[in-house]
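Treat the numbers as computed from the prediction; the structure is a model and nothing was measured. Along the sequence shown, the residues carry numbers beginning at 1. Every number for a ligand or one of its atoms is a count from 1 in the order of the listing.
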Amino acid sequence: MSEGPSLRRVRVAVEAPQHSGLTGPLDYLGPQDLTPGTLVHVTLGRRDVMGLVWDDLPEGQDLPEDGQLPESELRPVGEALDALPPLSDRWRRLLDFAAQYYQRSVGELALAVLPPQLRDLDAKQLQARLKKLDKADAAAAKAAAEIDAAVAAAAAEVADGTLADPLQRPALTAQQQAALDALAEQANRETPPPALLWGLTGSGKTEIYLRAAEAALERGQQVLVLVPEINLTPQLEARFAERFAGRSIVSLHSALTPAQRLRNWLAAHLGRAQLVLGTRLAVFASMPRLGLIVVDEEHDPSYKQQDGARYSARDLAVYRGHLEKVPVVLGSATPSLESWQHALAGRYRRVDLTERIGGGALPRVRLFDMNRLERKKGVTTALSVPLLDAMRKRLDRGEQSLVFLNRRGYAPVLHCDQCNWKSDCPHCSAHQVFHKEDRTLRCHHCGVTTRVPRACPSCGNPDIAPLGRGTERLEEQLAQALPGARVARIDADTTRLKGSLETQLAAVHEGDVDILVGTQMIAKGHDFRRITLVAAVNPDGALFSSDFRAPERLFSLLMQAGGRAGRDAAQAAASEMWIQTWYPEHALYQSLQKHDYEAFAGSQLHERMTANLPPFAHLALVRAEGRTVEAARDFLTAAQEAAQTLPLSLGLLLYPPVPMAISRVADSERFQMLIEAGNRAQLQRFLRAWLPELHALKRRQKGLTRWAVDVDPLAI
Ligand code: ADP
Ligand code: ZN
Ligand code: ZN
């Protein structure tokens, strides 16, 4: 690019890792007419990287002296990918907010959430890609127009009463109609407040999403639907595709090939995709005519990103709705306590669905008191006799049972009772899990896998035995206890291969399975029709976890698992959920037995308020990993000392560094330090002032490998 009077200072967000300490966009020289939101190649150090033209600084607002290079020292921007319409102002504001809030550099975040392929294309390649897409879309648009015309013609006949509804929409129940009216009323406001759609499993929430989406599409708008897990996207996509035949629906999640992801992203960005369905990263989809955001299962922890910028897609969806003045619907049977509290405080509008479609009852919850069993050593307690009897009854009636255990593998540890050897992971402070199928010991934290030893590696005793049980063992025990039953297992191990989950789920739907064993994977979302018994065989662990959110997660998981039973209204009355517990009197189980989320939420919120925990306080967690305990701990201690010299730390609670629950993973020692603030803004101001000090400390701390800050951490 030639020097000349037509160049000016432009600010470009570049992909600089946070740890270089850069947070804002960088200055380059670029042509006068370079529009903000345009992708450009720039040099950073010696590398050619992709950047995104950001905004000019407002008139009169200059960067601090030392941050401002004279124009003569600025480098020119490289090639601009201007065939791509610029990313909108609103999109950049969302990214600005997210980067600030989660304490990352805006360039890092912005480029991380764009499709990876986009970064690798030059202007020519992009142009070619867009041209190809134009052609494909034109053909698709033509086909869609034909379907639309047919639907419109049919709709006219429906109005005449000559034809049934071509969209196969069920007639709404009175509750659903009331819910939709409430949402429509909300959508009409100038700045619609977020709505919390609180509805039992099977109460018809998805139908509400479909209708709300339909209304938005009729207004010519785009709709964004977020789901917690990739596994659930095909199912929901199928339901949307069926309802909106002829509309353009795309999905966005990390299991797409890079080419698919680019294509779908472009469809959204160019305004051609009318519906975008995706996991948390889709909250950043560029959608020029966004008119509605739905967050399904809003309480799900998967909405929180666990590395890099640790954002909450649910929270960002709410912010995005506010920014773009579009309605946001958060749906759940067991809302997060944060959202519930917002609704109680009137910031969110609560919309309730209290009845299951078809009037089906929720499964009867039976708390099976394990103390009643004779205490003897052995594995049979995993499956109490009464529970097995209940399953046998289902078998005889041709109904299905679902057995839920949130631990995969055969047994969590192998043990030698001669010398007390345990299958510890050499690299982590955790056991290696025994997987019987392939005779391996696997660490679920660092992944290290070894063959099962023939004898105790420490004393030679050939009798090393598995302790405890995981889903693999449960499957085996069920098959033994119920001869003739077709037992299947679904967990992360059985679904490693692409497409295997779909096959396995199909088998359940087809009725080829009598008893399904699995982890939380099977507890979520799936619309199984023939399940009349759900059993949680060992859920107590979470009652005593050090993580204050564990009870909340357990309650929602069990409610969700229970919701898998009796989805067919005809069978609902005979449906049961069994909880095998040593603590049947525990308040959590008592609320669960009554299906009383409200009571549970009330008592949890009370506890949180008393203990000054979220949503009544705001937290940030700094985690550090080092080659030695000292490296990790000393870094956090120094960080704390640095914090105490900052006036902004006044009124904050800085807890001393402590080892993480699993203190060593892959030979890294891990420590964390919690910061608690009474209000969000105060915490934000403090972090902004403090983090530069941490970057500096990191450079001085020998042996420290990584550190990160997690704002609003989910797992403590
Ligand atoms: P949720 O999302 O709350 O679990 P769904 O929307 O999946 O509930 O509804 C449960 C079942 O009821 C689905 O099979 C759905 O097709 C059906 N359904 C939803 N609304 C109606 C209705 N108004 N009339 C008949 N069936 C309905
Ligand atoms: Zn031994
Ligand atoms: Zn390990």
Side-chain angles (χ1 to χ4, degrees), residues 165 167-180 197-213 225 227-228 232 235-236 238-240 242-243 294-298 329-335 351-360 362 412-433 440-450 453-465 509 523-529 559-560 562-570 572 662-668 670:
D165 187 346
L167 293 177
Q168 300 291 333
R169 293 179 305 189
L172 294 174
T173 64
Q175 269 204 341
Q176 283 176 319
Q177 188 59 57
L180 266 173
L197 179 62
W198 178 47
L200 299 172
T201 47
S203 63
K205 289 187 295 297
T206 311
E207 184 61 34
I208 300 286
Y209 305 152
L210 289 163
R211 299 289 182 120
V225 181
V227 287
L232 296 176
Q235 190 182 326
L236 198 70
R239 257 178 103 173
F240 273 81
E242 185 187 13
R243 179 64 58 87
V294 172
V295 184
D296 190 23
E297 308 290 3
E298 66 89 29
V329 180
L330 308 174
S332 176
T334 51
V351 178
D352 299 353
L353 293 175
T354 56
E355 296 157 11
R356 281 183 129 182
I357 296 293
L362 282 168
V413 60
L414 278 187
H415 176 243
C416 165
D417 63 3
Q418 301 273 307
C419 75
N420 216 17
W421 171 87
K422 287 198 174 102
S423 57
D424 291 332
C425 175
H427 308 289
C428 306
S429 50
H431 301 306
Q432 279 184 298
V433 176
T440 56
L441 289 175
R442 275 191 243 155
C443 175
H444 289 184
H445 300 281
C446 71
V448 83
T449 302
T450 49
R454 279 178 202 290
C456 172
S458 161
C459 75
N461 170 17
D463 268 347
I464 41 177
H509 286 293
K524 292 185 184 179
H526 304 291
D527 194 6
F528 300 127
R529 291 270 129 184
M559 275 285 272
Q560 232 166 2
R564 297 311 109 216
R567 290 182 68 85
D568 194 331
I662 294 172
S663 61
R664 192 163 54 99
V665 166
D667 296 319
S668 245
R670 314 191 306 164

Quick one: does K205's side chain have a donor or acceptor within less than 3.5 Å of a partner on G199's backbone?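 Yes, the answer is positive, given that a donor and an acceptor are paired below the 3.5 Å cut-off.
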Under 3.5 Å, side chain of S332 to main-chain N/O of E298, donor-acceptor pair present? no
Taking the side chain as everything from C-beta on, heavy atoms only, tell me whether [X] gets closer than 4.5 Å to [Y].
| X | Y | value |
| --- | --- | --- |
| I357 | Q176 | yes |
| R243 | E207 | yes |
| R564 | T201 | yes |
| S203 | T173 | no |
| I208 | L180 | yes |
| V351 | V329 | no |
| V413 | Q432 | no |

Quick one: give me the number of protein N/O/S atoms under 2.8 Å from the Zn ion (ligand 2). 4
How does T206 reach ligand 1, by side chain, by backbone, by both or by neither, if only non-hydrogen atoms under 4.0 Å count?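 Under 4.0 Å from ligand 1, T206 contributes backbone and side-chain atoms.
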May I ask you to list the atoms of ligand 1 that are less than 4.0 angstrom from any heavy atom of E207? 6 (O), 19 (C), 20 (N)
For L200, take its heavy atoms, then give the atoms of ligand 1 lying under 4.0 Å from any of them.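 This gives 3 (O) as the contact atoms.
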Between Q418 and C459, what is the shortest heavy-atom contact and its length? CB-SG, 3.9 Å
Do [X] and ligand 1 have an N or O pair less than 3.5 Å apart?
| X | value |
| --- | --- |
| A171 | yes |
| T201 | no |
| G204 | yes |

Among S203, P170, A333, which one has a heavy atom closest to atom 22 (C) of ligand 1? P170
I'd like to know if G199 contacts ligand 1, where contact means a heavy-atom distance under 4.0 Å to any ligand atom.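 The answer is no, since G199 has no heavy atom less than 4.0 Å from ligand 1.
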Test item, R239 contacting ligand 1 (heavy atom, 4.0 angstrom):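 True for this residue.
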Determine whether the side chains of Q560 and T334 contain a donor N or O and an acceptor N or O closer than 3.5 Å.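 Note: Q560 and T334 side chains miss the donor-acceptor criterion.
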NE2 on H444 to OG1 on T449, rounded to 0.5 Å: 8.5 Å
Here the gap from T450 atom OG1 to R442 atom CZ, rounded to the nearest 0.5 Å, amounts to 10.5 Å
Listing residue and atom name, which protein N/O/S atoms are closer to the Zn ion (ligand 3) than 2.8 Å? C425 SG, C428 SG, C443 SG, C446 SG
I would like to know whether C425 and C446 meet side chain to side chain contact (heavy atoms under 4.5 Å, CB included); could you show each step before the answer? CA-CA 9 Å; C425 175; C446 71; 3.7 Å; yes
